[in-house]
Amino acid sequence: MTTARTEGARPSSAGPLRLVEDRTAGPTTVDVTGYVRAMSAHCPYLAPSVEGGLTHWTVYEAAGDAPAVEEAVFEAGVRSAEWLRTQADRPRAALLCENIAVRSAGREVLAWPHWALKNLYAPVGVMFGKFPVGEQIADHRGRVVPEPPLSFLVVRFVVRARDPLFLSRTPDLAETVAVAADDGRDVFAGLPRDWKNIKLWARERLPKRP
């Protein structure tokens, strides 16, 4: 596992997570235009992010068994988060939005990577969102959120005034997000740097599967 601060999710042409389309603001291998337009009604930051060319997609194909894909998704999330941390001082950084999309993947391969990444990076002000294909939920106003066309993780900076409201079921995490600040720390300090142990660590932070 690496925490090198390179640009976005790691391209890969082999293994359990195969690169379909490298980081781009206008993906052509997946049709997300209608979905993004519909989601803009639920997120006030999405439209200005897209208009400013600050929303990017890296598209992968799940090509291995679920545990291997799960680990590869986690590693891609680490790389995106570490790159995002280097961008905090750039203009309009708050609108940066990195999306790690995984074709041919069910919701199970996002669950534990998302939960581990969210807990690792919340203290330094990086937020992860999980949008598995087939999921139909309501937002905090009770409006039905559009179903995503494929499973993906979102990586962005924490919005301290809003994000704690979305974490009511995990109050400890909500408190962490409310005071999040990047002090340059290694988020893996004191943790074994392999997916099996990171997943066990994530399990200990939640009584039930996320």
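What you see below is based on every heavy atom in this structure, not just the backbone, and it leaves out hydrogens, waters and symmetry mates. All figures in this text were calculated on a predicted structure; none of them were measured in a lab.
In this structure, E71 does not pair ionically with K196, as no charged nitrogen and carboxylate oxygen lie closer than 4.0 Å. Here E61 does not pair with R18 in a salt bridge; the nearest charged N to carboxylate O distance is not below 4.0 Å.
Without hydrogens or angle criteria, S151 side chain to A105 main chain gives a donor-acceptor distance under 3.5 Å. Proximity of a side-chain donor or acceptor of N99 to a complementary backbone N or O of H56 within less than 3.5 Å is detected.
A 4.5 Å side-chain heavy-atom check between F131 and M39 finds at least one atom pair inside the cut-off. The closest side-chain heavy-atom distance from V30 to V20 is not below 4.5 Å. Counting only heavy atoms from C-beta outward, the side chains of V158 and Y121 never approach each other to under 4.5 Å. Contact check for T58 versus L19: side-chain heavy atoms found under the 4.5 Å cut-off. Put simply, the side chain of V177 reaches to within 4.5 Å of the side chain of L167, judged on heavy atoms. Counting heavy atoms from C-beta on, the side chains of P149 and D31 never come closer than 4.5 Å. In this structure the side chain of P113 reaches within 4.5 angstrom of the side chain of W195, judged on heavy atoms.
In this structure, a donor-acceptor pair under 3.5 Å is absent between the side chains of S80 and E98.
Note that the CD1 atom of I198 and the CZ atom of R203 stand 13.5 Å from one another [nearest 0.5 Å]. Rounding to the nearest 0.5 angstrom, the gap separating the CZ atom in R103 from the CG atom in L17 is 11.5 Å. Taking CZ of F157 as the start and CG of L96 as the end, the distance is 6.0 Å to the nearest 0.5 Å. Separating the NE2 atom in H114 from the NZ atom in K118 is a distance of 3.0 Å, to the nearest 0.5 Å. Expressed to the nearest 0.5 Å, how far CD of E175 lies from OG1 of T170 amounts to 10.0 Å. The distance from atom CG of N119 to atom OG1 of T176, rounded to the nearest 0.5 Å, is 8.0 Å.
At a threshold of 4.5 Å between side-chain heavy atoms, the hydrophobic network of Ile, Leu, Val, Met, Phe, Trp and Tyr places F74 and L200 in two separate groups. Criterion: ILVMFWY side-chain heavy atoms under 4.5 Å apart, direct or through other members. Under it, L173 and V179 are not part of a common hydrophobic cluster. At a threshold of 4.5 Å between side-chain heavy atoms, the hydrophobic network of Ile, Leu, Val, Met, Phe, Trp and Tyr places V133 and F152 in two separate groups.
Scanning for ring pair (Phe, Tyr, Trp, His ring centres under 6.0 Å) contacts around Y45 gives an empty result, with sequence neighbours left out.
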Tell me, with the steps shown, if V50 and V36 meet side chain to side chain contact (heavy atoms under 4.5 Å, CB included).
-> CA-CA 9 Å; V50 172; V36 169; 3.8 Å; yes
Go through V59 and T24 one step at a time and tell me if the side chain to side chain contact (heavy atoms under 4.5 Å, CB included) criterion holds.
-> CA-CA 9 Å; V59 184; T24 177; over 6 Å; no
Given the rule in the side chain to side chain contact (heavy atoms under 4.5 Å, CB included) test, do V73 and Y60 qualify, once you have shown the distances and angles that lead to the verdict?
-> CA-CA 9 Å; V73 169; Y60 292 98; over 6 Å; no
Show the numbers, then the answer: is there a side chain to side chain contact (heavy atoms under 4.5 Å, CB included) between L54 and Q87?
-> CA-CA 12 Å; L54 300 173; Q87 306 298 303; over 6 Å; no
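Looking at every heavy atom in both residues, S104 comes nearest to A62 through O-CB, 3.6 Å. The two residues P132 and P148 come nearest to each other via the heavy atoms O-CG, 3.2 Å. Contact between C97 and V154 at its shortest, heavy atoms only, is SG-CG1, 3.7 Å. The nearest pair of heavy atoms linking L120 to V187 is CD2-O, 3.4 Å. Contact record, A88 with A93: O-CB, 3.6 Å, taken as the closest heavy-atom pair. Closest approach of R85 to V124, counting heavy atoms only: NH2-CG1, 3.8 Å.
In this structure, the ring of W115 has its center no less than 6.0 angstrom from the ring center of F128.
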